[in-house]
Amino acid sequence: MEDIEQRITAQADVVRSLKAEKAPKEQITTEVATLNALKAERDALLPKDGIVPEVKPKESKKKAEEEKKGKGVFTLKNAKGTKDYSPQEMAVREKIFSTIISVFKKHGGITIDTPVFELKEILSGKYGEDSKLIYDLEDQGGEKCSLRYDLTVPFARFLAMNGKEYQNIKRYHIAKVYRRDQPAMTKGRMREFFQCDFDIAGTYDAMIPDAEILRVLSECLSALDLGDFTIKINHRKILDGIFAVCGVPEDKIRTISSAVDKLDKLPWLEVRKEMTVEKGLDPAVADLIGEYVQLKGGEELLERLYSDAKLSTNARAKEGLDDMTLLFKYLNVLNVTKYTSFDLSLARGLDYYTGLIYEAVLEGSAPPTLANGEKARATVKKGTDELDESTVGVGSVAAGGRYDNLVGMFSGTNKKGLPNLVIPCVGVSIGVERVFSILMQKQKKDEIKSNEVQVYVVGLGGVSVEERMKICTELWDAGIKAEFAYKLKPRTQNQWDVCDRDMIPLAVIVGGEEIEKGVIKIKDMRTKDESQKGGLEYSRADMISEIQKRLEQL
């Protein structure tokens, strides 16, 4: 009883969140139906006299659950931060993958794969404060391993192991990664999720690969039809220069950078508090940082930073500004500048970035705005470690940057203390789950075609299954996607229902009369007018050519 009450409470939270977000009516109706079903299940468990049975102590409950498991009874639910996907949802996801892969291949990408887990030492110390989110595995056979947190570090390890063969490579990799994060399922924040990475590794002239990576990202987001988007760009060397001229100690630069990166979610005063109260930064230094990191714009911002006497004399900042000047030159040629915003608050918390950094956000992907104009702060649902989804946005849908030293970290050092192998890299990662959550909100689930069948073979008047098989075989041999009923004598209406349910556009109709005359009938199942009647008649010999002609027009 206690378990079902918890499920009812959780489902009620989902319904409230959807209503607060003004989600599509159909989605809310579905979740309300689930809530009502849970309540009915609870009511069925209550005694007829209406007296609620006494809740047993937790020890007894635990014992009862163990007894159930011993009898083969399981609690059927997904592990926290994971989910199953229906055929309709998978149809949308497959379209996302194919769209992204087509862009990657257009730019010369080749794919690789790496293990889902790595040696723990490979992943340790690469992700800054986010290292606490890595899933560690129990020691198996004398090796301490962890589930991969992203696809970038495994790629760098791959290059360190195969560097002689792959000094230059444009690689893409689509696979699952794992993070012990606080999930917000409807916003695409999960513990198991796909990333789509595209990276350019090798020594090239400055900012040319970086510019193409941003072109790849803009093409992917445009092709996915997500709506208006902005690619925020910044440079780690400019940030490091800002921190240096403001007086941040060298050993605090990364941790202060991590605080600055939260400016897209928190107001400046809260970020300042984190830097000063939690991380011990001098308040005067924090105020100087604030004058810089709240700046954003385009190429004109470069001129302002160049004219800053302190910043322009800092060697690291000057290198970053020169890189950004060259980048904007190339982005103008590649027609990408219109999507970008030079944003000094962008820091990217991962430790391995060395140069250009960027992330893509959509209109409406930020946290909800409160009545006072401030952004809502993410809060956790009471009694859980899951985020209250009404307090968070989708966040960035893609991110990346330049990481020139990561491969060298795995290659060992020579007598001079320098890495044995240096392969500069720049890349981008697209978060499929966040893209998916946005696309699912834009379309009705019952309007999604979950399979690719183009033709359904309908048998009338007891036409044999062998005859329907023959027609299907001809269609398959011609490369046409087709199905037929797995019944010896299927009901006619059931066959029409399959066409409607699966949104199959064409039906090939055959009955005893058609077999005698050597013909078939073809009906366009998308139109419900009377002009076709029982279908238009064609010679059996012309069936394939006529269907191919119709399919070309779909």
Side-chain angles (χ1 to χ4, degrees), residues 24-27 29-31 33-34 83-99 101-102 224-225 432 435-437 439-511 514 520-538 540 543-554:
K25 185 177 179 181
E26 293 79 7
Q27 186 178 3
T29 301
T30 300
E31 298 300 340
T34 302
K83 68 165 291 184
D84 299 319
Y85 294 96
S86 69
Q88 290 84 2
E89 289 172 324
M90 283 306 299
V92 174
R93 292 171 71 80
E94 286 185 349
K95 186 176 180 180
I96 292 171
F97 290 134
S98 64
T99 299
I101 289 172
S102 68
L224 289 167
D225 194 22
V432 168
V435 170
F436 171 73
S437 70
L439 290 179
M440 286 304 293
Q441 290 172 19
K442 292 175 65 175
Q443 53 189 308
K444 297 178 180 178
K445 201 169 181 180
D446 59 0
E447 293 178 356
I448 299 170
K449 182 172 169 57
S450 59
N451 64 42
E452 297 187 10
V453 175
Q454 300 164 310
V455 179
Y456 196 83
V457 178
V458 176
L460 303 179
V463 165
S464 70
V465 68
E466 291 87 351
E467 188 63 39
R468 287 178 280 130
M469 283 180 173
K470 285 180 185 177
I471 294 175
C472 259
T473 300
E474 290 179 42
L475 294 170
W476 293 330
D477 287 345
I480 296 168
K481 299 162 187 171
E483 279 189 337
F484 64 98
Y486 291 172
K487 289 275 190 180
L488 294 177
K489 295 181 179 181
R491 292 181 58 207
T492 303
Q493 186 56 49
N494 289 349
Q495 296 176 83
W496 297 133
D497 289 344
V498 171
C499 293
D500 291 338
R501 182 195 68 202
D502 293 345
M503 292 179 267
I504 299 173
L506 299 177
V508 169
I509 305 161
V510 59
E514 283 76 22
I520 49 89
K521 290 181 179 178
I522 299 175
K523 185 172 183 179
D524 188 332
M525 298 303 297
R526 298 167 303 162
T527 61
K528 302 300 180 182
D529 57 63
E530 294 298 318
S531 62
Q532 300 181 96
K533 296 184 179 180
L536 303 180
E537 191 172 279
Y538 297 92
R540 176 73 173 266
M543 176 181 71
I544 297 298
S545 60
E546 179 60 30
I547 288 176
Q548 288 174 332
K549 187 194 311 179
R550 287 173 176 250
L551 291 176
E552 288 174 2
Q553 298 171 358
L554 291 182

Expected output: side-chain R93 to main-chain F436 donor-acceptor under 3.5 Å: no
Determine whether V465 and R468 satisfy the following criterion, side chain to side chain contact (heavy atoms under 4.5 Å, CB included), listing intermediate values before the conclusion. CA-CA 5 Å; V465 68; R468 287 178 280 130; 3.6 Å; yes
Which pair of non-hydrogen atoms, one from A485 and one from P490, has the smallest distance, and what is that distance? CB-CB, 3.8 Å
Under 6.0 Å from the CG atom of L554, do we count more than 12 heavy atoms belonging to anything else shown? yes
Non-hydrogen side-chain atoms of V453 and D502 separated by less than 4.5 Å: no
Exam field: side chain K521 to backbone V510, donor-acceptor pair closer than 3.5 Å: no
Could you check if a side-chain atom of R540 sits within less than 4.5 angstrom of a side-chain atom of I520, using non-hydrogen atoms only? yes
Within the distance-only criterion (no hydrogens, no angle test), does the side chain of Y538 pair as donor or acceptor with the backbone N or O of I544 below 3.5 angstrom? no
More than 12 heavy atoms of other residues, nucleotides or ligands under 6.0 Å from NZ of K449: is that the case? yes
Answer whether the closest heavy-atom distance between the side chains of I509 and E514 falls below 4.5 Å. no
Which residue in the set K523, E546, R550, M525 passes side chain to side chain contact (heavy atoms under 4.5 Å, CB included) when paired with L506? R550
Do the rings of F484 and W476 sit parallel, tilted or perpendicular, given the 30° and 60° boundaries? tilted
Begin with the C-alpha distance, continue with both residues' side-chain angles, and end with the deciding distance and a verdict on side chain to side chain contact (heavy atoms under 4.5 Å, CB included) for L475 and M543. CA-CA 9 Å; L475 294 170; M543 176 181 71; 4.3 Å; yes
Shortest non-hydrogen pair, C472 vs A482, comes out as SG-CB, 4.1 Å
Pairwise distance CD1(I504) to CG(N451) - rounded to 0.5 angstrom: 6.0 Å
Looking at K481 and E452, would you say the former's side chain and the latter's main chain have a donor-acceptor pair under 3.5 Å? no
State the CZ-OG distance between F97 and S102, to the nearest 0.5 angstrom. 13.5 Å
Residues L460, V458; criterion side chain to side chain contact (heavy atoms under 4.5 Å, CB included); working and verdict: CA-CA 7 Å; L460 303 179; V458 176; 4.0 Å; yes
Point-to-point distance, once rounded to the nearest 0.5 Å, from CE of M469 to OG of S464: 9.0 Å
Could you tell me whether the side chain of Q495 and the main chain of G459 form a donor-acceptor pair under 3.5 Å? yes
Side-chain touch D497/N494, heavy atoms, less than 4.5 angstrom: yes
Lys/Arg-Asp/Glu bridge criterion (N-O < 4.0 Å) met for K470, E466: no
Would I448 and E89 satisfy side chain to side chain contact (heavy atoms under 4.5 Å, CB included), going step by step from the backbone distance to the final call? CA-CA 8 Å; I448 299 170; E89 289 172 324; over 6 Å; no
State the OG1-CG distance between T99 and L224, to the nearest 0.5 angstrom. 5.5 Å
